[in-house]
Amino acid sequence: MNRRQQRRRRKIQRTTLRTENRSRKKINREIMLVTYVFLALFLGMIGYLGFFTYHESDTYRNNPYNSRRQQLFSDRYIRGSILSNDGKTLAETVVSEDGSETRRYPYGEMYAHVVGYSTRGNTGVESLASSYLLNSHSNIILQVFYELQEEKLLGDTVRTTLRSDLQEAAYNALGDRNGAVVALNPKTGEILAMVSKPDYDPNEINEIWDELVDEENTNSNLVNRATQGLYPPGSTFKILTLLEYIRENPDDYEDFSFDCDSVYEAGEYSIQCSHQVSHGHENLIEAFANSCNGAFASIGQTLDFSSLYDLCEDFGFNQSLPTDLLNNASSFVLQDSSSLWDVLQTSIGQGKTTVSPLHNAMIAAAVANDGVMMKPYVLDRVETADGTVIQSFSSSEYRQVMTAEEASILQEYMRAVVTDGTGTRAEGDSYQVAGKTGSAEFSAGKEPHAWFIGYADVDDPEIVVSVVVEEGSSGGSTAAPIAKEVFDAYYGE
């Protein structure tokens, strides 16, 4: 073999070697890529397992359909107690000498809907806190001792945000009327009181169950009207109509004027003011304080309905509320293609618009809190049976629904409702109230639902109260005094 052939052979060998190296490197890269993909998937699974364990497992354990899983925990633990924020026992488990357990609710009907029950599925706090109540963070030695003795350990205690004095005041003030009362801290979203009627005695839930679910029972006793009840908002909706008008007319909204003779006519339709009252000549703040239907029906015809629709959705309409309590979404459906009648009705809180008492409380709270809407919550903390705090729950912001400047304007207008308008019966002696009344028609031949939403004290809002009384006729005469009793309890009057 001559030199030329040798060089050629070596060249071929080098080329072959480079080709093999490239192929080997390519295979190695593909192997590494597959390895990294599987490693990423593995780490993702580990991460999700950790996230599920610490953040989502309670949700699934608390699900009322997960009864078999909850039964396993109830075989090991005695269901813990539920307390008010001021330490009153709202639910506890009593163990008899033969070992049988009875869930006891010392206040009976007063906390029926918000605390709930735990023997026909779980509702209310009994549902939200089930994984805590059927678990224990007591001393590990104590837990081992009970395990060895094959005895059940008392579950953890859940302390709520509910104040017993406010709950009692709201319950008594509503009396034998159907409806709901909600009290919130506007700065935190803490639920201070929540009452719904008609109610039931959770101590007798097993005995009265068939009666409660009987299709002939039209009272819907099991429904928490505070979170699930949907009512036309009546004139309380004028808060949002007013806000939209101010946004669309920032430079001249204060120039608005209206002459009210008790009936406003538009096309073939007419809108009456409540109780056919003639308000005479009004500016905008007077029309709001007087809850003048004619003035706000005329305003409604000037608004950009797409913009109003967006505003309502920003305030939480057409979506589930940001709370763990079971709730129904409020509804707002007005569009540009809506009829004149729908426009007139919607502008004054009638028509197809619906809202829950909790949602209406959140709207008033956003005004009081300078435009920031907080997430409502009812669980304050989890403690061991001996009082050691295991977990605390804190407030969180839902969204900024308006600017602080807009909120300031609404605060002024809502204050005028109580000082010079329809809400005077909500005012206290040692505190000042801002609010909005409403009388919501819902069925021909029946009295309107009565609304009041408002907050106190106006200089430093600490409490918001939302009241709806079914067929209560007038928000100013029926709902506002109920709110005042809750305010009185808060301020010690």
Undergrad: Closer than 3.5 angstrom, by distance alone: can the side chain of Asn203 be matched with the main-chain N or O of Asp201 as a donor-acceptor pair?
TA: no
Undergrad: For a quick check under 3.5 Å, do Ser235 and Ser291 share a side-chain donor-acceptor pair by atom type?
TA: yes
Undergrad: In terms of the angle between their ring planes, are Phe317 and Phe237 parallel, tilted or perpendicular, with boundaries placed at 30° and 60°?
TA: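 Correct class here is perpendicular.
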Undergrad: Strictly by modelled atom types, are Asn360 and Ser466 linked by a side-chain donor-acceptor pair under 3.5 Å?
TA: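 No - no donor-acceptor pair under 3.5 Å links their side chains.
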Undergrad: Got a salt bridge between Lys197 and Glu109, using NZ or NE/NH1/NH2 to carboxylate O under 4.0 Å?
TA: no
Undergrad: Please check if the side chain of Glu427 supplies one atom and the backbone of Val433 the other of a donor-acceptor pair under 3.5 Å.
TA: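 Checking the backbone N and O of Val433 against the side chain of Glu427, a donor-acceptor pair under 3.5 Å is found.
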Undergrad: Return the orientation label for the Trp341 and Tyr269 ring planes: parallel under 30°, perpendicular over 60°, tilted otherwise.
TA: tilted
Undergrad: Tell me yes or no: between the side chains of Asp370 and Gln411, is some donor less than 3.5 Å from an acceptor?
TA: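 Yes, side-chain donor-acceptor contact under 3.5 Å.
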Undergrad: Kindly assign one of parallel, tilted or perpendicular to the pair Phe256 and Phe258, based on the angle between their ring planes and the thresholds 30° and 60°.
TA: parallel
Undergrad: Has Arg79 got a side-chain atom pairing as donor or acceptor with Glu126's backbone, closer than 3.5 angstrom?
TA: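 Yes.
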Undergrad: Give the C-alpha distance, both sets of side-chain angles, the deciding distance and a yes or no for salt bridge (Lys or Arg N to Asp or Glu O under 4.0 Å) between Arg163 and Glu168.
TA: CA-CA 9 Å; Arg163 280 183 42 167; Glu168 182 178 1; over 6 Å; no
Undergrad: Show the nearest heavy-atom pair for residues Asp156 and Thr384, with the distance to one decimal.
TA: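 In this case the closest contact between Asp156 and Thr384 is OD1-CA, 3.7 Å.
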Undergrad: Do Thr157 and Glu383 pair up side chain to side chain, a donor and an acceptor below 3.5 Å, judged on atom types alone?
TA: no
Undergrad: Are a donor atom and an acceptor atom from the side chains of Glu462 and Tyr431 found within less than 3.5 Å of each other?
TA: no
